[in-house]
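Just the heavy atoms: all of them, side chains too, but no hydrogens, waters or symmetry mates, feed the values below. What you see is a predicted model, and the numbers here were worked out from it, not measured in a lab.
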Amino acid sequence: QVQLVESGGGLVQAGGSLRLSCAASGGTFSSNAMGWFRQSPGKEREFVAAISWSGGTTYYAESVKGRFTISRDNAKNTVSLQMNSLKPEDTAVYYCAADSDFATITYDGGYKYVEVWGQGTLVTVSS
């Protein structure tokens, strides 16, 4: 089964940008739909963005549309999340997710069924 490792988190000021990366190893990267979820203290894990096997279909949470962009490079076995115009409410631990069923990673409740998670990377946005 594929293994995932996130990187790129850090501390930024409101209005700034960060690019998160998720590196995959083992399994077959191109056979998995990929996505990002996030979780802040006292809240359940929530959906952020998802991308299909081919990269031809993407979904975004309403709260990040127009600010975040998900992409994947199957040749390099990576998926990225470009985050622009960051807000304090974006502060959370961001988790990369992989699943054989694309639908699983396209809504908040889908986190309960995700097959593979990365370890998470912390994003802190100061005001």
Side-chain angles (χ1 to χ4, degrees):
Q1 192 171 43
V2 64
Q3 296 179 347
L4 309 174
V5 179
E6 302 98 330
S7 62
L11 173 64
V12 299
Q13 292 185 316
S17 298
L18 281 176
R19 186 176 181 85
L20 306 183
S21 295
C22 176
S25 62
T28 304
F29 177 76
S30 61
S31 295
N32 288 276
M34 303 291 294
W36 291 90
F37 287 74
R38 66 187 182 187
Q39 188 166 20
S40 57
K43 297 182 178 180
E44 291 191 84
R45 196 163 297 190
E46 65 177 356
F47 166 71
V48 177
I51 188 166
S52 63
W53 295 1
S54 67
T57 304
T58 57
Y59 286 89
Y60 296 93
E62 187 66 29
S63 61
V64 307
K65 285 182 178 178
R67 299 189 298 120
F68 292 9
T69 302
I70 188 171
S71 61
R72 69 187 296 163
D73 186 338
N74 289 347
K76 297 181 179 180
N77 289 358
T78 59
V79 61
S80 299
L81 185 69
Q82 179 65 44
M83 306 185 294
N84 299 325
S85 301
L86 284 163
K87 305 174 181 179
E89 52 262 45
D90 293 318
T91 295
V93 176
Y94 284 71
Y95 297 91
C96 183
D99 203 279
S100 58
D101 184 356
F102 185 46
T104 296
I105 54 173
T106 58
Y107 70 107
D108 290 345
Y111 78 88
K112 301 176 182 178
Y113 312 104
V114 167
E115 296 171 353
V116 182
W117 292 104
Q119 85 288 348
T121 186
L122 177 63
V123 172
T124 302
V125 184
S126 65
S127 59

First locate atom [atom1] of [X], then atom [atom2] of [Y], and finally report the distance between them rounded to the nearest 0.5 Å.
X	Y	atom1	atom2	value
D73	T78	CG	OG1	5.0 Å
L86	S127	CG	OG	13.0 Å
L20	F68	CG	CZ	8.0 Å
T58	R72	OG1	CZ	12.0 Å

Single-linkage hydrophobic cluster, 4.5 Å side-chain cutoff, [X] and [Y] together:
X	Y	result
V48	Y111	no
W36	I105	no
V79	Y60	yes
V2	I70	yes

Shortest non-hydrogen separation from [X] to [Y] and the atoms involved:
X	Y	value
Q39	K43	NE2-O, 3.1 Å
A49	L81	CB-CD1, 4.1 Å
S17	N84	OG-OD1, 2.9 Å
A98	V114	O-CG1, 3.9 Å
F102	A33	CD1-CB, 3.5 Å

Check this for me: [X], atom [atom1], are more than 12 non-hydrogen atoms of other residues, nucleotides or ligands nearer than 6.0 Å?
X	atom1	answer
Y107	OH	yes
Q119	CD	yes
Y59	OH	no

Short side-chain to backbone donor-acceptor contact, [X] and [Y], under 3.5 Å:
X	Y	result
E6	C22	no
N74	W53	yes
D108	F47	yes
R67	S85	yes
S52	T57	yes
T91	V125	yes
R45	K112	no

ring-ring contact (aromatic ring centres under 6.0 Å, His included) against W117, all qualifying residues, sequence neighbours excluded:
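By the ring-ring contact (aromatic ring centres under 6.0 Å, His included) rule, W117 matches F37.
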
Let's go through M34 and L4 carefully: what are the C-alpha distance in whole Å and the side-chain angles of both, what is the deciding distance for side-chain contact (heavy atoms from CB on, under 4.5 Å) to 0.1 Å, and is it a yes or a no?
CA-CA 10 Å; M34 303 291 294; L4 309 174; 3.8 Å; yes

Report the C-alpha distance between V116 and N32 in whole Å, list the side-chain angles of each, state the deciding distance to 0.1 Å, and finish with yes or no for side-chain contact (heavy atoms from CB on, under 4.5 Å).
CA-CA 10 Å; V116 182; N32 288 276; over 6 Å; no

Any chance you could lay out the side-chain contact (heavy atoms from CB on, under 4.5 Å) test for V123 and R38, step after step, and finish with the verdict?
CA-CA 10 Å; V123 172; R38 66 187 182 187; over 6 Å; no

Would you please test Y94 and M83 for side-chain contact (heavy atoms from CB on, under 4.5 Å) and show each step?
CA-CA 12 Å; Y94 284 71; M83 306 185 294; 3.9 Å; yes

For Q82 and S71, does a side-chain donor sit closer than 3.5 Å to a side-chain acceptor?
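The criterion, which ignores hydrogens and geometry beyond distance, is not satisfied for S71 and Q82.
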
